[in-house]
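A short worksheet on the structure shown next.
Bear in mind that the values here come from a model prediction, so they are computed numbers and not experimental data.
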Amino acid sequence: MSQEDDGDRMPDDLEAVLEAADEEAEEERPGRYDAPPLPPGLILAVVGLLCGFATIALVWLSERGCERFRDTTNCGALGLPLLIVIVAVTMVLGGTALSRLAMPHPKLIPFLGVAFMVALVVAFLTGHLDSPWILAVVPVLTAVTFLLANLLARLLERADA
């Protein structure tokens, strides 16, 4: 084989070939969006708010489902499994949103943030879940716990390094 073969010789403009390959790779990545960079704290707070609203919506839907099939908002033995499913779905939604927005630790932050929120709600707000102000408290609490989860993830990352 000689060096005259096209497959064995280096292209004249290697940088142009590499840039074209990068552009093709960016075009092939579905689910990634080009957007102006936002502060990570703002992204985490907004995703936390959305996860809080999703939690409230899923709890409301499960109560309506229990009311329809059992004639009471109390789900009985199905209550705990429904709560576990709601928490898991909220964690997946948060992880999906953070990974689409290219945030670091897109699985850990929603896991910790939703778990902290559920722990605080169960510990301090259980008696007030029927109040209308809980519609604002849970999303704000979830946004704060997402920010705390991010802080904890960064501290763990530094300790690991």
With a 4.5 Å cut-off on side-chain heavy-atom distances among I, L, V, M, F, W and Y, is there a chain of contacts connecting [X] to [Y]?
| X | Y | value |
| --- | --- | --- |
| L147 | L141 | yes |
| L50 | V144 | no |
| V87 | L98 | yes |
| L78 | L80 | no |

Open item on the list: Nearest 0.5 angstrom please: L148 CG to F146 CZ, how far?
Closed with: 11.5 Å
- [ ] With rounding to the nearest 0.5 Å, note down the distance linking CE in M91 to SG in C51.
- [x] 10.0 Å
[X]: what forms a side chain to side chain contact (heavy atoms under 4.5 Å, CB included) with it, not counting sequence neighbours?
| X | answer |
| --- | --- |
| L155 | L151, R158 |
| A153 | H105, L108, I109 |
| F116 | L112, T145, L152 |

TODO: Please name the pair of heavy atoms, one in G113 and one in A149, separated by the smallest distance, quoted to 0.1 Å.
DONE: N-CB, 3.7 Å
Open item on the list: Restricting to non-hydrogen atoms, name the atom on G95 and the atom on P110 that form the minimum distance, rounded to 0.1 Å.
Closed with: N-CG, 3.3 Å
Open item on the list: Taking side chain to side chain donor-acceptor pair (under 3.5 Å) as the definition, give me every residue that meets it alongside R154, ordered by chain and number, with sequence neighbours left out.
Closed with: none
Result block: side-chain N/O donor-acceptor pairs under 3.5 angstrom for residues 57-66, not counting sequence neighbours:
{"unit_1": "S62", "atom_1": "OG", "unit_2": "L58", "atom_2": "O", "d": "3.4"}
{"unit_1": "S62", "atom_1": "OG", "unit_2": "V59", "atom_2": "O", "d": "2.7"}
{"unit_1": "R64", "atom_1": "NE", "unit_2": "E67", "atom_2": "OE1", "d": "3.0"}
{"unit_1": "R64", "atom_1": "NH2", "unit_2": "E67", "atom_2": "OE1", "d": "3.4"}

Only pairs under 3.5 Å count here: list side-chain donor-acceptor contacts from residues 38-48, not counting sequence neighbours, and write none if there are none.
none

Counting only pairs under 3.5 Å, give me each side-chain donor-acceptor contact of residues 118-129, with atom names and distances, residues two or more places apart or in other chains.
{"unit_1": "T126", "atom_1": "OG1", "unit_2": "V121", "atom_2": "O", "d": "3.4"}
{"unit_1": "T126", "atom_1": "OG1", "unit_2": "V122", "atom_2": "O", "d": "2.6"}

Open item on the list: Quick test of your reading: applying salt bridge (Lys or Arg N to Asp or Glu O under 4.0 Å), list the pairs with at least one residue in residues 117-137, sequence neighbours left out, ordered by first then second residue.
Closed with: none
So which pairs with a foot in [range] pass side-chain hydrogen bond (donor to acceptor under 3.5 Å, both in side chains), sequence neighbours left out?
| range | result |
| --- | --- |
| residues 75-84 | none |
| residues 76-89 | none |
| residues 78-93 | T55-T90 |

Task: Side-chain hydrophobic cluster, 4.5 Å single linkage: members besides V92 - done: none
